[in-house]
Amino acid sequence: MANIFNINSDSIKDNNVQNDVDIQQIPGLNAAAAFNIVGSVASEENALAAIIQEEADKLSLLTGAALTFANFTDLAESITRTMKTVLLKNTVLEAKLTETLNYIENEPSFIISPVFVDNLIAILARIANEENALGNLIRALGNAVRLLAPALSLAQLQAVDQIVISLLRVITEKNLVLLSKLRRLVRFIVNNSDSFPTPTAAQVAATIAAINSLITSITVEENGLAVLIEGEAAKLNRAVALTTSAAGIPGLLAFNNTITSVIDIVVQKNMILEAKLEDILALLALGFTPAQLAVFAATLSNLQQSIANEEFSLAALIGTEALKINAIAEITPGNIGNLVAVNDSATTLLESITLKNMILQQKNLEVINFILSL
């Protein structure tokens, strides 16, 4: 292919970029300095990915005797605090990247160099690294919760879910920042494709590897979410087992609402991943050969399996919800108020699950359409 950055999609091109951070242009900032700033962003992103992976690894160590409610609480809250700092750093890096790319676009005298192209490709790869680490962190969180749930009281189950919600919110905010960074990068490539030099064989290979890593990172995150949903099903199953009298029903229903809150955040994260997939598919219009596109198609097929894994996890959660309805019906068969309340709680959760199903369906459809277009 002559130029991997020669995209001709009018739906992506944007000659009047809005909502970008305005830059205070620094007199004397030359092209090399601006290009190196982009390279420094790639380097810092890689370091942040390593930190996130370390957090995931620490959480994965909570097994056996080390997995107690106290240990989980202390470590998960510590990880949440660390992730908030990482999020702040990511926000700063996103602004730095946006400002620098704006500056380069406003300086027509700058000639895009091969080294700068290397830096752009590196950022694509580093975003994938961070997303992979986030997926591993979610999986570790889900595994810990799933293993811990059978030994918890209802109050502890509630506390664990609040911790899960807090950490997921930070992760989701970080996903938004990474999505913004990816979109700005893709837009820059599209808008300036005519100015890019002909890529070397090494750059073509690096671009293919980076895009494949981005696709794989979605798969890793989807699989992580599947494990997290399994953890929610395990917690709900434990809550149902603990509810043996009418006095415990209000607590069970309250806990059900907390699980719905977790699924709501998972839905938000799925929407971000779906948007990320759209950007990645846009990158596949860079002019790759049929053989190279077939490689991407194979990676995308793995994404389909991760979507199936999430669907299976959602089915398990729905099945546990059915057990909850049956349990309450058996405890207070003549109490219409309880029966209506349990149906209402189930309906609310099912609404969130259905929205998630719709997003997964859209993601699967995009993958299928791409494969069929080859």
Undergrad: Indicate yes or no: at least one non-hydrogen side-chain atom of Leu97 is less than 4.5 angstrom from one of Val38.
TA: yes

Undergrad: Other than Val227, what residues sit in its cluster of Ile, Leu, Val, Met, Phe, Trp and Tyr side chains whose heavy atoms are under 4.5 Å apart, directly or through others?
TA: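 None; Val227 is a cluster of one.
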
Undergrad: Can you find a side-chain donor-acceptor pair between Asn136 and Arg139 that sits under 3.5 Å?
TA: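 No donor-acceptor contact under 3.5 Å links the two side chains.
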
Undergrad: Which of these passes side chain to side chain contact (heavy atoms under 4.5 Å, CB included) with Ile328: Ile325, Thr332, Asn326?
TA: Thr332

Undergrad: Taking atom types as modelled, is there a side-chain donor on Gln162 or Gln158 under 3.5 Å from an acceptor on the other?
TA: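 Side chains of Gln162 and Gln158: no pair found under 3.5 Å.
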
Undergrad: Drop me the distance from Leu62's CG to Leu141's CG, to the nearest 0.5 angstrom.
TA: 10.5 Å

Undergrad: Determine whether Ile218 and Glu131 satisfy the following criterion, side chain to side chain contact (heavy atoms under 4.5 Å, CB included), listing intermediate values before the conclusion.
TA: CA-CA 7 Å; Ile218 298 179; Glu131 297 279 10; over 6 Å; no

Undergrad: How close do Ala210 and Leu124 get, counting heavy atoms only, and between which atoms?
TA: CB-CB, 4.0 Å

Undergrad: Would you find a donor on one side and an acceptor on the other, under 3.5 Å apart, between the side chain of Ser217 and the backbone of Leu214?
TA: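 Pair found, side chain donor or acceptor close to backbone of Leu214.
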
Undergrad: Count I, L, V, M, F, W, Y as connected when their side-chain heavy atoms are under 4.5 Å apart, and connections chain through other members. Are Leu355 and Ile318 then in the same cluster?
TA: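 Looking at the clustering, Ile318 is in the same group as Leu355.
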
Undergrad: Output side-chain donor-acceptor pairs under 3.5 Å for residues 75-85, partner residues at least two apart or in another chain, one line each.
TA:
| from | atom 1 | to | atom 2 | distance (Å) |
| --- | --- | --- | --- | --- |
| Thr80 | OG1 | Ala76 | O | 2.9 |
| Thr82 | OG1 | Ser78 | O | 3.2 |
| Thr85 | OG1 | Arg81 | O | 3.4 |

Undergrad: Are Thr207 and Gln203 linked by a side-chain donor-acceptor pair shorter than 3.5 Å?
TA: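 There is no such pair (donor and acceptor under 3.5 Å, judged by atom type) between the side chains of Thr207 and Gln203.
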
Undergrad: Is it true that Thr299 and Asn212 share a donor-acceptor pair across their side chains at a distance under 3.5 Å?
TA: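 Yes, side-chain donor-acceptor contact under 3.5 Å.
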
Undergrad: For residues Asn357 and Gln361, is any side-chain donor paired with an opposing acceptor at under 3.5 Å?
TA: no

Undergrad: Examine the side chains of Asn192 and Ser195 and answer whether a donor and an acceptor come within less than 3.5 Å of each other.
TA: no

Undergrad: Just checking, is any N or O donor in the side chain of Thr172 or Gln268 under 3.5 Å from an acceptor N or O on the other one?
TA: no

Undergrad: Nearest 0.5 Å please: distance from the CG atom of Asp279 over to the CG atom of Leu284.
TA: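 So the gap between those two atoms works out to 11.0 Å.
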
